[in-house]
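Please read the structure below before turning to the comments.
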Amino acid sequence: MDSEKKDIREWYQTAFADFENTLNGGASLPFHAVRKKAIARFAELGFPSTRNEDWKYTNVAPLLKHQFQPVTEAPDIAAESLAPFLFKGLDADRLVFVNGVYSEALSSVSNLPDGIILDTLENAFTTHAETVTQALGKTVSYEDETFSALNTAFARTGVFLSVPAGVVLERPLYILHVSKTDGREFLAAPRNLFLFGDNSQARLVEGHYNLDGGTSFKNSVTEISVGAGALVEHIRIQDESKEAFHFATTQVEQATGSNYTSVAIDLGGTLVRNNLNVHLAEERCEAHLIGFYFGSGRQLIDNHTMIDHAVPNCESNELYKGILDDRAHGVFNGKVMVRPDAQKTNAFQQNQAILLSDDAHIDSKPQLEIFADDVKCSHGATVGELDDESLFYLRARGIGEQEAHAMLRLAFARDIFNYIKIDAVRERLEELVVERFNNKA
Amino acid sequence: MLSIKNLHVSVEDTEILKGVNLEVKPGEIHAIMGPNGSGKSTFANVLAGREEYEVTDGEVTYLGQDLLDMAPEERAREGVFLAFQYPVEIPGVSTSHFMKTALNAIREHRGEEQLDAMQFLKLAREKMQLIEMDEKFLHRSVNDGFSGGEKKRNEIFQMAVLEPKLAILDETDSGLDIDALRIVANGVNKLRSSDNAFIVVTHYQRLLNYIVPDYVHVLVDGRIVESGDKNLALRLEEQGYDWVKDNDAVTA
């Protein structure tokens, strides 16, 4: 086991040397020095074991059995093959990445309001060097954590979005990641940077899909800065292949009076780990962390969230729901930190799971650390089964058993989907989830 | 239409029905009356296919088929309907989606065309009027936060939409005030025809003032101990159940 870990660590170091050679001019930019430090730090940190408290329930051993190759070129895919991942009737700007590589041909961006910068990170390294250099890595450090280090080392591109103060992004921005492995096990390390100016407004939709059922390793890091009074809705739909390893870290920094909502839906992946960290750095912020996951087979879906109430008068609201079938394993670790200064904090957390099989299980760990005394905080965790009475009621009206099951599962998830305010996205997502319920393989 | 012979049913190893016989023909209304714990609800539920009930003996033939061999949804598609004593609340499923799905499942079974959303809504509105329910209930989650009376009316609404051949009303009168009782009974009476039949399971005679039964059966301790016409219900109302219980003791 330990030797396997060491071998695979060396594998990524060797892969890094090859990766450097593919960067061409990119290797001479300042960020490349950061990459080098990150791979060195990765070599020191190594992969976590379950002795590490943050990885207690999630064993990354299956990831270490593969030798994933950093992507240099993406396969061509036909525009028509994106159809299942688009939202009917939705007027959105769309950036498409294939195996983590930006595809201009598949993307479609209209005229954006003045002052908005929307580009690939790769381009932004040169076109907006100063802004990017200042902001990138400011909130997610490669020093602290293995997967962030690995992302930093192999980060080639991603999305750079900067919305100036007071600007409202009318159309949602859809960031669509599709993968097609063609039998090659690849590593993609998307790196995104979103800067929302004071009083700006935006809706982001992220989609992660697969076309051929292959094995891949996506390890992304997204840094989001939400300016004072800004309003950001961030929807994330992950429906990768059942062989995919999906690791995603999202770090959100909120300034005074800002409002950030994350709705994270996880349906695919063999091993999924989402880290969502929100830092309420200034007063009167509001954060909503909403999630739904459905696991079957031997899927492992792990949601780690951290809400840091650093100052008074902020509110956080967290609701995660999951349905687990077969031998699927869910993990929910919800940490809420209320620091000594953070009086008048309101922090609510709920996580609920439904287990459809005796072999499915959930590890649920609410972690409230409260150091202020004038606060309202609550948490609740429930684990249950589908209600037999409801099932009989539906069947007694002529609805088939399978459809009745799907209706009740969807009903369980309904309040999560209701957080998605874009009708076309919510409706498509409901269809997708019902498809998964009816054909879990 | 329905032929029940020597039906024995147990719940968790306790025998509840101990040999029930009943013949129901199209166009008939049968009332099943009996004291608490006599097995009335078990009788209603076992006909709808509730799985916790174990049939240990006897047979039930419905339209020439073995009813006991059919899944609950198959029974419903063949025209069996149970109005629940305790309708279930299902947050997150709208009444209209629920009923549209159910009706289309039944129509598909009958080889009829599916109704689209508009066609269904038109039908549902008509049926809502029949039982004097506001159509806003269509958009609310099934029974979620409904009062007792609203839930019972919703059962009759569902019956009106699905147009069963054999409807079993399990204590539909309980929890209804006088107005609601009249509305529910009117709804049932409007749905009566020479092709369908009703089994009205009730503790009290009051619903039978409005829904006049052709036959009244008294269920005591898992057996039908007395059968008669509507006058039997009146006698039970006046004299209670003790005399039939005694009667049972004599004949047993």
Side-chain angles (χ1 to χ4, degrees), chain A residues 88-89 263 265 290-294 319-323 350 352-354 356 380 382 384-420 423 426-427 429-431 433-438, chain B residues 44-53 70-95 97-110 112 141-144 151 154-155 157-165 167-168 170:
Chain A
K88 213 189 295 172
V263 183
I265 310 293
I290 311 300
F292 174 77
Y293 53 93
F294 172 58
L319 176 65
Y320 270 73
K321 285 187 168 189
I323 300 178
Q350 268 288 326
Q352 300 174 1
I354 283 186
L356 300 175
T382 60
E385 298 169 7
L386 277 191
D387 180 37
D388 284 339
E389 282 294 308
S390 303
L391 201 57
F392 177 64
Y393 192 65
L394 297 178
R395 294 177 69 192
R397 296 296 177 253
I399 298 170
E401 190 173 5
Q402 193 180 337
E403 184 156 21
H405 264 276
M407 279 174 84
L408 292 179
R409 294 176 198 184
L410 190 62
F412 173 71
R414 177 78 59 200
D415 51 353
I416 300 291
F417 297 147
N418 285 347
Y419 275 93
I420 300 175
D423 292 342
R426 188 183 57 254
E427 285 159 15
L429 185 64
E430 289 189 5
E431 280 173 21
V433 166
V434 170
E435 279 170 35
R436 288 291 166 275
F437 288 160
N438 285 329
Chain B
N45 277 282
V46 82
L47 293 180
R50 193 184 282 273
E51 278 160 2
E52 304 92 278
Y53 298 97
M70 294 157 73
E73 58 268 34
E74 292 175 56
R75 300 179 195 205
R77 291 169 191 173
E78 286 289 336
V80 176
F81 181 92
L82 172 67
F84 282 57
Q85 182 179 5
Y86 303 109
V88 183
E89 297 192 11
I90 311 183
V93 176
S94 74
T95 301
H97 178 59
F98 168 45
M99 272 295 99
K100 178 168 167 275
T101 308
L103 179 61
N104 277 333
I106 291 170
R107 290 178 68 93
E108 187 182 3
H109 181 75
R110 291 180 191 150
E112 296 169 359
S141 290
V142 178
N143 295 322
D144 189 19
K151 285 179 183 169
N154 193 18
E155 295 294 290
F157 161 70
Q158 293 173 33
M159 186 171 81
V161 169
L162 302 180
E163 297 181 327
K165 297 192 184 91
I168 303 147
D170 186 8

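In what follows, chains carry the letters A, B, and so on, assigned in the order in which the sequence lines appear, proteins first and then strands, with residues in each chain numbered from 1. This structure is a prediction, so every number in the text was calculated from the model and none was measured.
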Assess whether a salt bridge exists between [X] and [Y], defined as any Lys/Arg side-chain N lying under 4.0 Å from an Asp/Glu carboxylate O.
X      : Y      : result
B:K165 : B:E78  : no
B:R110 : B:E163 : no
B:E108 : B:R77  : no

CA sep, side-chain torsions, deciding dist, call: A:F294, A:F412, ring-ring contact (aromatic ring centres under 6.0 Å, His included) = CA-CA 11 Å; A:F294 172 58; A:F412 173 71; over 10 Å; no
Checking heavy atoms, do the side chain of A:E403, its backbone, both or neither come under 4.5 Å from chain B?
-> side chain
Pick from [options] with the largest number of heavy-atom pairs that fall under 4.5 Å of chain B:
options                        : answer
A:L408, A:I399, A:L410, A:N418 : A:I399
A:R397, A:M407, A:E389, A:R414 : A:R397
A:L394, A:D415, A:D388, A:D387 : A:L394

Considering all heavy atoms, the nearest B:A44-B:I168 contact = CB-CG2, 3.7 Å
Can you say whether [X] sits under 4.5 Å from chain A via the side chain, the backbone, both, or neither, judging by heavy atoms?
X      : value
B:V161 : neither
B:R50  : both
B:P87  : both
B:N143 : side chain

Taking atom types as modelled and ignoring hydrogens, do the side chains of B:E74 and B:H109 form a donor-acceptor contact shorter than 3.5 angstrom?
-> no
